[in-house]
Amino acid sequence: MYTISPTARMRKSPFFDATVAEGASSFTSYNHMLMPTGYGHPEEEYWRLIEAVSMWDVAVERQIQLQGRDAAALAQILCPRDLTQCTAGDGKYVALCNHAGTIINDPILLKLSDQRYWLSIADSDILLWARAIAAERGLDVEVTEPDVSPLAVQGPLSDDVVAAIFGDWVRTLKHFRFRETTVGDIPVALARSGWSKQGGFEIYLMDGTRGTELWNIVREAGAPYGIGPGNPNACERIENGLLSWGGDTDDETNPFEVRMERYVDLNVPDDVIGIKALRQIKAKAPKRHQLGVILDGERPHVPGWDWMGITMDGTRIGDMTNCVWSYRLKANIGFALVSVEAKPGDTVTVNMPDAPASGRLTTLPFL
Ligand code: THG
């Protein structure tokens, strides 16, 4: 159908060759890289994640490293979440905001030491942002992109697979905690994290020349458990209410609108970017909130590119920001970013690419 034109502008993942060898049949663009989005058997790939274990290339979640005397100060300035209790080996889900309180990225922050942090970023150019802020604030910190690429192992059997590689200590690793270690002599950091609610780990490869080697080690260790290739799974993440920044957010979305309130601490210092705007937004009545929509009808819709307008009694109330056929709910489902007047249980009409569809609003997560 299409081919991808090679260019040095679009960096290859260290796992690219391995994923092509596995039969990757579709890719998306993310952080100026390519990410595999499927291997030709979407339903099989979904059930493997739900029932066994899946592995996928998330090198596109690029790392931004903050290193130096003021690394902790810069991390806090960028994140409107209180980081004072964050210790080395902790990961934290954070909402980076701009000065207006709009979310500009939703990374996982990893603290390696008092003077070294990584931001494991979603799809926007935080390297530029963090460097500019550090310079403008006169901070003693180097902002770089290290050679670090996450590989996800997700699913109910992922503990067994990862324990077979690293040892049984991984079974007691707490959610979002990580440890620097090795696989043979391949340097990695192992974290209990990942963009699914099936449980699992992310292996942060710290030598980009060894992607195929690491992929094959995980593939072999996982073989007895039925491992196979997958991708950040749209169906599973929508069923479980995980946010996709840039997909489910627009240029005005603040954390309160998309269920990220628990990652915002309004009492962080005034020099934290966006905190003053966030306090004001919180003090006023919110305008939008994020709910689920379950569409009527028993056939999968063809996924579209754009948000789909939602109306209630003829009045536009917001948008459906994604839509997927849920294999477990046997319905088309998605997120709704809608006026706070709209409530769970309300009947709505969604302007789908093919034809208007009726549906019902519901709370998130679906499952
Ligand atoms: N892996 C890595 N980095 C990433 C992502 C990833 N950076 C960008 C993006 N994905 C981050 N997005 C999320 C969103 C949700 C979660 C993790 C990453 C998540 N949320 C849990 C929840 O919502 O239930 C729990 C969060 C909590 O309570 O602290 O896990 O995929 N490396």
Side-chain angles (χ1 to χ4, degrees), residues 13-15 28 30-33 35-37 49 54-65 78-83 85-86 90-97 103-112 117-127 129-130 145-146 148-155 158 173-180 188-206 230-234 236-249 253 255 258-265 290 292 321-322 335 363-367:
S13 159
F15 309 112
T28 189
Y30 194 106
N31 273 329
H32 315 285
M33 294 177 68
M35 179 176 70
T37 53
L49 167 62
S54 179
M55 62 188 289
W56 64 66
D57 173 4
V58 268
V60 297
E61 324 286 356
R62 290 184 171 203
Q63 309 306 302
I64 306 303
Q65 178 168 283
L78 296 173
C79 302
R81 177 173 183 174
D82 182 2
L83 300 178
Q85 306 303 315
C86 187
D90 269 347
K92 296 251 183 240
Y93 185 39
V94 296
L96 304 193
C97 292
I103 311 173
I104 58 166
N105 203 290
D106 67 332
I108 297 167
L109 174 84
L110 296 95
K111 177 170 178 173
L112 293 118
Y117 291 78
W118 291 340
L119 287 164
S120 180
I121 62 170
D123 187 15
S124 67
D125 295 315
I126 297 307
L127 184 67
W129 174 258
E145 205 190 334
V148 178
S149 305
L151 175 66
V153 182
Q154 301 283 300
S158 51
L173 193 66
K174 296 226 166 67
H175 194 64
F176 278 142
R177 290 280 301 171
F178 70 96
R179 191 193 281 188
E180 288 180 80
V188 300
L190 179 72
R192 188 182 288 278
S193 60
W195 206 53
S196 88
K197 291 296 264 184
Q198 305 313 307
F201 297 84
E202 289 177 306
I203 307 171
Y204 289 73
L205 170 66
M206 300 202 278
N231 67 292
N233 193 282
E236 193 276 347
R237 76 97 179 169
I238 291 169
E239 290 176 337
N240 291 301
L242 291 175
L243 185 76
S244 174
W245 182 88
D248 304 320
T249 62
T253 309
V258 287
R259 301 172 294 126
M260 287 193 77
E261 180 160 359
R262 66 182 184 281
Y263 309 117
V264 175
D265 293 305
Q290 193 180 45
T321 65
N322 57 51
F335 295 176
T363 51
L364 288 173
F366 291 97
L367 292 175

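Just so it is clear, the model here is predicted, and its values are computed rather than measured. The first residue of the sequence shown is numbered 1, and numbering continues consecutively from there. Just follow the structure's listing: the first ligand is 1, and inside any ligand the first atom is 1.
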Among [options], which one puts a heavy atom closest to [atom]?
{"atom": "atom 9 (C) of ligand 1", "options": "Asp106, Asn105, Asn31, Asp123", "result": "Asp106"}
{"atom": "atom 10 (N) of ligand 1", "options": "Gln63, Glu61, Arg259, Arg62", "result": "Glu61"}
{"atom": "atom 21 (C) of ligand 1", "options": "Lys197, Lys92, Gln154", "result": "Lys197"}

Worksheet entry | Val58 heavy atom under 4.0 Å from ligand 1 |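 No; Val58 lies far enough from ligand 1 that no heavy-atom distance drops under 4.0 Å.
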Worksheet item: Can a non-hydrogen atom of Trp245 be found less than 4.0 Å from any atom of ligand 1?
Response: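 For ligand 1, residue contact (heavy atoms, under 4.0 Å) with Trp245 is absent.
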Does a side-chain heavy-atom distance below 4.5 Å link [X] with [Y]?
{"X": "Arg177", "Y": "Asp90", "value": "yes"}
{"X": "Phe201", "Y": "Leu173", "value": "yes"}
{"X": "Val258", "Y": "Trp245", "value": "no"}
{"X": "Asn322", "Y": "Ser244", "value": "no"}

Worksheet entry | Reported CG-to-OH distance for the pair Leu83 and Tyr117, which is rounded to 0.5 angstrom |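 It is 7.0 Å, given to the nearest 0.5 Å.
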Worksheet item: Quick one: does Tyr263 get an N or O within less than 3.5 Å of an N or O on ligand 1?
Response: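 There is such a contact, yes.
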Practice prompt. Consider every N or O of Tyr30 and every N or O of ligand 1, then say whether any pair is closer than 3.5 Å.
Written response: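 Among all N and O atoms of Tyr30, none is under 3.5 Å from an N or O of ligand 1.
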To which protein heavy atom is [atom] closest, and what is the distance rounded to 0.1 Å?
{"atom": "atom 15 (C) of ligand 1", "answer": "Tyr93 CZ, 3.6 Å"}
{"atom": "atom 6 (C) of ligand 1", "answer": "Glu202 OE2, 3.6 Å"}
{"atom": "atom 7 (N) of ligand 1", "answer": "Ser120 O, 2.8 Å"}
{"atom": "atom 30 (O) of ligand 1", "answer": "Phe176 CZ, 3.6 Å"}
{"atom": "atom 23 (O) of ligand 1", "answer": "Leu242 CD2, 3.6 Å"}

Fill in: Test salt bridge (charged side-chain N to carboxylate O under 4.0 Å, His left out) applied to Glu239 - qualifying residues, sequence neighbours left out
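Partners of Glu239 under the salt bridge (charged side-chain N to carboxylate O under 4.0 Å, His left out) test: Arg328.
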Discussion item. Suppose we screen for salt bridge (charged side-chain N to carboxylate O under 4.0 Å, His left out). Which residues come up paired with Arg237, at least two apart in sequence or across chains?
Written reply: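 In terms of salt bridge (charged side-chain N to carboxylate O under 4.0 Å, His left out), with neighbours along the sequence ignored, Arg237 is linked to Asp248.
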Discussion item. Please verify the inter-ring angle class for Tyr93 with Tyr263; under 30° counts as parallel, over 60° as perpendicular, anything in between as tilted.
Written reply: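 Tyr93 and Tyr263: perpendicular rings.
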Worksheet entry | Part of Trp195 within contact of ligand 1 (heavy atoms, under 4.0 Å) |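 Both backbone and side chain of Trp195 come within 4.0 Å of ligand 1.
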